[in-house]
Asker: 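First the structure, then my questions, so here it is.
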Protein chains: 2
Amino acid sequence: MNENNIENIKSQMRKGVLEYCILSVLDKNDAYASELINKLKEARIIVVEGTLYPLLTRQKNQGLLTYRWEESTQGPPRKYYSLTDKGRTVLQEMDKAWTEIVETLDILRK
Amino acid sequence: MNENNIENIKSQMRKGVLEYCILSVLDKNDAYASELINKLKEARIIVVEGTLYPLLTRQKNQGLLTYRWEESTQGPPRKYYSLTDKGRTVLQEMDKAWTEIVETLDILRK
DNA sequence: TTTTGATACCTTGTATCGCAAGGTACTAAA
DNA sequence: TTTAGTACCTTGCGATACAAGGTATCAAAA
């Protein structure tokens, strides 16, 4: 077990909340994939393209997200994702679930 | 998307913290597998045998846990797991990582 | 005009991990 | 000696994150 293990541990923990993070960010502003990656990177949540694109597609297929194309002055067009009503409802459920887990861990650690 | 989905969301979120939960529980008292399952169930963290046994073996192989056999008056012998020094060190790292993620989510959700 | 670099999209193959289901073994009571 | 309870463990499957590689658009440099 080496130093990478700390990153590995964090990576494991992040896995369960990635979808929650995506919906949370999109709840505040619509965004396109590369933008999302950067925003999450700033928040120290590392996501790579190969993770994010399938995830966005999954969430879109579940009816949580929609998207629209927008031209860019600096490259190819961008696919802006935004929450649907269903997405907002699920986000609220996730809020509850997250709060519950944080409380549970608090108790377990005491 | 039905009511099961809420459980599914919680299940996803729990995934990342299962190892952390195990080490946390064992940090307080040695325990055998069936006992661990019950303790976690009380804390609303559902784990099944097919998940727990391989996980304990992984953690043992990583040097985080050791075990000893103890006779039982009520059935087959029990395999009591306990934290090693390395396990305690990793648990501290997990504490930090968890705190960090909770803070990050707090910020993301604001 | 062609090439290069930047941006942005997406797919494929691999590894990990949780879960459902099934299997073994010990003990005590019926 | 069979059944019930407890405890251990394995196998096969599905979901998902990641690494790596691929396609397409645009603008600026060669």
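Just so it is clear: chains get the letters A, B, ... in the order the sequence lines come, proteins before strands, and each one is counted from 1.
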Asker: List the residues meeting side-chain contact (heavy atoms from CB on, under 4.5 Å) with T57(B), not counting sequence neighbours, and say none if there are none.
Answerer: N61(B)
Asker: Between P on dC19(C) and CG on L56(B), what's the gap in Å once rounded to a whole number?
Answerer: 13 Å
Asker: Starting from C1' on dC8(D), measure out to NZ on K79(B) and report it in whole angstrom.
Answerer: 8 Å
Asker: Using whole Å, what does the distance between atom P of nucleotide dC9(C) and atom CG of L52(A) come to?
Answerer: 9 Å
Asker: What's in the same ILVMFWY side-chain cluster as V48(B), cut-off under 4.5 Å, chained through other members?
Answerer: none
Asker: At under 4.0 Å between heavy atoms, how does the protein contact nucleotides 20-30 of chain C? Give one character per nucleotide, 5' to 3', with B, S or -.
Answerer: BBB---BSS--
Asker: Applying salt bridge (Lys or Arg N to Asp or Glu O under 4.0 Å) as the test, list every pair that has at least one member in residues 63-74 of chain B; sequence neighbours left out.
Answerer: D30(B)-R68(B), R68(B)-E70(B)
Asker: Give every residue pair that meets the ring pair (Phe, Tyr, Trp, His ring centres under 6.0 Å) criterion with at least one member in residues 29-55 of chain A, sequence neighbours excluded.
Answerer: Y32(A)-Y80(A)
Asker: Could you state the atom-to-atom distance from CD of Q59(A) to C1' of dA17(D) in whole Å?
Answerer: 14 Å
Asker: Could you tell me the separation between the CD atom of E70(A) and the C1' atom of dT25(D), rounded to a whole number of Å?
Answerer: 16 Å
Asker: If we fit an axis to the first five pairs and another to the last five of the helix from dT1(C)-dA30(D) to dA30(C)-dT1(D), what angle do they make, to the nearest 10°?
Answerer: 20°
Asker: By the salt bridge (Lys or Arg N to Asp or Glu O under 4.0 Å) test, which pairs, at least two apart or in different chains, include something from residues 97-110 of chain B?
Answerer: K10(A)-E100(B), D27(A)-R109(B), R44(A)-E100(B), D95(A)-R109(B)
Asker: Could you tell me whether the phosphate oxygens of dC17(C), OP1 or OP2, come under 4.0 Å of any side-chain nitrogen or oxygen in R58(B)?
Answerer: yes
Asker: Among dT11(C), dC9(D), dC17(C), which nucleotide has an atom closest to any side-chain atom of Y53(B)?
Answerer: dC9(D)
Asker: What heavy-atom pair brings T104(B) and A43(A) nearest, and what distance separates the two atoms?
Answerer: CG2-O, 3.0 Å
Asker: Please report the distance, rounded to the nearest Å, between CZ in R68(B) and P in dA7(D).
Answerer: 15 Å
Asker: Residues in side-chain contact (heavy atoms from CB on, under 4.5 Å) with T89(A), at least two apart?
Answerer: E93(A)
Asker: Report the distance from atom CE of M13(A) to atom C1' of dA17(D), rounded to the nearest whole Å.
Answerer: 17 Å
Asker: Spell out, yes or no, whether I107(B) and M13(A) are grouped together once hydrophobic residues are joined by side-chain heavy atoms under 4.5 Å, including indirect joins.
Answerer: no
Asker: State which residues pass side-chain hydrogen bond (donor to acceptor under 3.5 Å, both in side chains) with T66(B); sequence neighbours excluded, sorted by chain then number.
Answerer: S82(B)
Asker: Whole angstrom is fine here: how far is it from OH in Y67(B) over to C1' in dA7(D)?
Answerer: 15 Å
Asker: Determine which pairs satisfy salt bridge (Lys or Arg N to Asp or Glu O under 4.0 Å) with at least one residue from residues 47-61 of chain B, sequence neighbours left out, and list them in order.
Answerer: E19(B)-R58(B)
Asker: Listed in order of residue number, which residues of residues 32-42 of chain A have a non-hydrogen atom at under 4.0 Å from DNA chain D?
Answerer: none
Asker: Would you find more than 12 non-hydrogen atoms of other residues, nucleotides or ligands less than 6.0 Å from K28(B) atom NZ?
Answerer: yes
